[in-house]
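Report on one structure; see the data block that follows.
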Amino acid sequence: MAKRDFLSLLDFTPEELSQLVERARVLKQNFRGDSIDRPLNGRTAAMLFQLNSTRTRVAFEAGMSQLGGHAISLNSEDTQLGRGEPISDMAKVLSEMVDIVIVRTIKHTDVIEFAQAASIPVINAMTSLFHPCQLLADVQTFEELRGPIQGKTVAFIGDGYNMCHSYINAAKQWGFNLKIASPEGYRPDPQILASTNNVTLVETAEEAAADADLLVTDVWSSMGHEGQEMDRRMTFASFQVDEALLDHAKKDTIFMHCLPAKRGEEVNDTVLDDPRCAVWQEAGNRLHSQKALLEFLLAR
Ligand code: CP
């Protein structure tokens with residue numbers, strides 16, 4: 001059977017994505033329970049992280065261990081990549097030694113190059129273009145709290161970067177309506193935007209939030225934007241999420257953020273403590289959804 005990669009949500013069918021969310025629900029139910037299910041016994045993952053990570057890395061490492069496998073964590077400086085070994089050579093070598101590779105890097109083309117050279121599955125653990133693993137957890141969290149996301153209205157407020165792009169792909173795959181409010185110059189990639197017809201760009205955060213079932217934001221200066229923080233703070237000032245903005249949304253709206261959050265920038269000091277905020281459940285679901293993904297790619 002041909003190997004599968006998970007570089008963007010568009011690599012899987014809507015049915016496969018729903019299957020992952022359902023499997024994550026079951027794995028969560030069994031978490032810390034007595035049932036011992038070790039489908040990845042003897043399997044190894046290599047995790048190649050060129051950028052910082054807490055949630056993604058811990059979820060994959062703990063997930064491999066809980067499923068009976070093992071994960072090796074690599075920083076690019078520790079490997080020969082840091083001394084100029086080509087990505088494609090690294091991909092071929094790791095393919096001889098482990099069962100799956102999980103890659104976080106700024107350049108999306110690096111992950112594509114890695115996956116093309118590898119003979120084993122490759123997971124995108126975040127690039128400047130997409131963060132598909134986060135969306136598995138976000139959809140799981142929404143559906144746990146409010147039922148199917150299909151047909152619902154989601155507001156993305158802030159930087160039209162990797163999380164926003166992943167929400168555009170998710171709108172297409174799960175069939176929800178997405179409203180995006182970003183400052184001029186920070187709107188999502190027009191090509192990604194053009195790939196689906198259920199996304200609308202609006203001018204203000206309040207317009208996006210109006211009647212939203214789910215409201216999402218992300219940091220104003222993602223990894224790779226170092227040195228732009230001051231400018232971005234000014235440009236994004238009217239896009240901060242606070243309790244008053246949530247009041248524009250549906251009464252039972254949910255607020256999510258992939259974390260880490262910068263209080264005083266994209267969120268005020270208190271909104272993460274608001275009862276409408278689901279960020280801790282969302283973060284926890286990274287574990288269960290990534291376990292479902294590992295199982296799907298490795299137990300085939
Ligand atoms: N949300 C997210 O990907 O968190 P980390 O950067 O900590 O992995």
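Counting starts at 1 for both ligands and their atoms, following the listed order.
Hydrophobic side-chain contacts under 4.5 Å tie Leu51 into a cluster, directly or through other members, with Ile106, Met126, Met223.
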Any chance you could lay out the salt bridge (charged side-chain N to carboxylate O under 4.0 Å, His left out) test for Glu203 and Arg187, step after step, and finish with the verdict? CA-CA 10 Å; Glu203 292 297 318; Arg187 296 197 174 121; 3.7 Å; yes
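Judged as a salt bridge (charged side-chain N to carboxylate O under 4.0 Å, His left out), and not counting sequence neighbours, the contacts of Glu265 are Arg233. Scored by the salt bridge (charged side-chain N to carboxylate O under 4.0 Å, His left out) test, Asp274 finds Arg276 as partners (sequence neighbours excluded).
Between Arg55 and Pro260, the closest side-chain pair of non-hydrogen atoms falls below 4.5 Å.
Within 4.0 Å of ligand 1, the residues that place a heavy atom are Ser53, Thr54, Arg55, Thr56, Arg104, His131, Gln134, Cys258, Leu259, Arg286, listed by chain and number.
The number of heavy-atom neighbours closer than 6.0 Å to CD of Glu22, taken from other residues, nucleotides and ligands shown, is above 12.
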